[in-house]
Amino acid sequence: RKEVEQDPGPFNVPEGATVAFNCTYSNSASQSFFWYRQDCRKEPKLLMSVYSSGNEDGRFTAQLNRASQYISLLIRDSKLSDSATYLCVVITGGSYIPTFGRGTSLIVHP
Amino acid sequence: DAGVTQSPTHLIKTRGQQVTLRCSPKSGHDTVSWYQQALGQGPQFIFQYYEEEERQRGNFPDRFSGHQFPNYSSELNVNALLLGDSALYLCASSQTPGRIDTQYFGPGTRLTVL
């Protein structure tokens, strides 16, 4: 089983839709969690950190479920510009080595 | 304020050759990490340099080596290239080794091994 797993998609949604992605991790000692966004043929950029109590940044909400070992990203009122690949990142223990998922592709259409 | 820069942008090599990729960190950053991103996959951590020493290493063979200079810039060297080394190589810099939330990626070097 891979350390970090994501459904590659693509998720194809209309503008204005709400869409959610999950990312599961296998190591219960995982401590830090992040979501990155990567546009086609561009570098990844940090979207948001994921805190234990859940956190929101505008239309984006990130949640952590330690019991089931997954993190989620919810995007409300999708925009065309949200079309990208969303990568989850997990850091386990004190290693500071980030493990990336393969990413979930989102396509928002008019 | 210049972000993370990498050179070259693209590179074509043949099997068995050696390659050196270069990275200049964002101003104010002293830690450089290197990643390999194969097509359709997420970035895989290769290693991290801080204070001119390799601090962390991912699951990559010794053919992958690096260096960090006093001005914090870094090089990634890959020896005895294999077809499977074809990928986008990303450099990322951060303020300190543990602060991934301050990590910025460069645009990457696309390496093709024929």
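Keep in mind that this is a model prediction, so the values were computed, not measured. Letters A, B, ... mirror the listed sequences (proteins, then strands); counts begin at 1.
Proximity to chain B (any heavy atom under 4.5 Å) is restricted, for Val89(A), to the side chain, taken from C-beta onward. Interface residue Gln103(B): backbone and side-chain heavy atoms are both found under 4.5 Å from chain A. In this structure, chain B has no heavy atom under 4.5 Å from any part of Gln6(A).
The two residues Phe105(B) and Pro44(A) have their closest heavy-atom pair at CD1-O, 3.4 Å. Closest heavy-atom contact between Arg57(B) and Ile97(A): O-CD1, 3.5 Å. Closest approach of Tyr35(B) and Pro98(A) over heavy atoms only: OH-CG, 3.0 Å.
Cluster annotation: Leu114(B) is not connected to Leu81(B) through the hydrophobic network of ILVMFWY side chains, with a link wherever side-chain heavy atoms come within less than 4.5 Å. Follow the hydrophobic side-chain contacts under 4.5 Å out from Phe34(A) and you never reach Phe60(A); the two are in separate clusters. By the criterion of side-chain heavy atoms lying less than 4.5 angstrom apart, applied directly or through intervening Ile, Leu, Val, Met, Phe, Trp or Tyr residues, Tyr50(B) is not grouped with Tyr72(B); the two fall into different hydrophobic clusters. Hydrophobic clustering (ILVMFWY, side-chain heavy atoms < 4.5 Å, transitive): Leu46(A) and Trp35(A) are in distinct clusters. Two different hydrophobic clusters hold Leu87(A) and Tyr70(A) under the rule that ILVMFWY side chains link at heavy-atom gaps under 4.5 Å.
Chain A forms more heavy-atom pairs under 4.5 Å with one residue of Gly42(B), Ala38(B), Ser33(B) than with any other, namely Gly42(B). Of the listed residues (Gln38(A), Met48(A), Lys45(A)), the greatest number of heavy-atom pairs within a distance under 4.5 Å of chain B belongs to Gln38(A).
With a 6.0 Å radius and a threshold of 12 heavy atoms from other residues, nucleotides or ligands, Arg15(B) has its CZ atom at or below the threshold.
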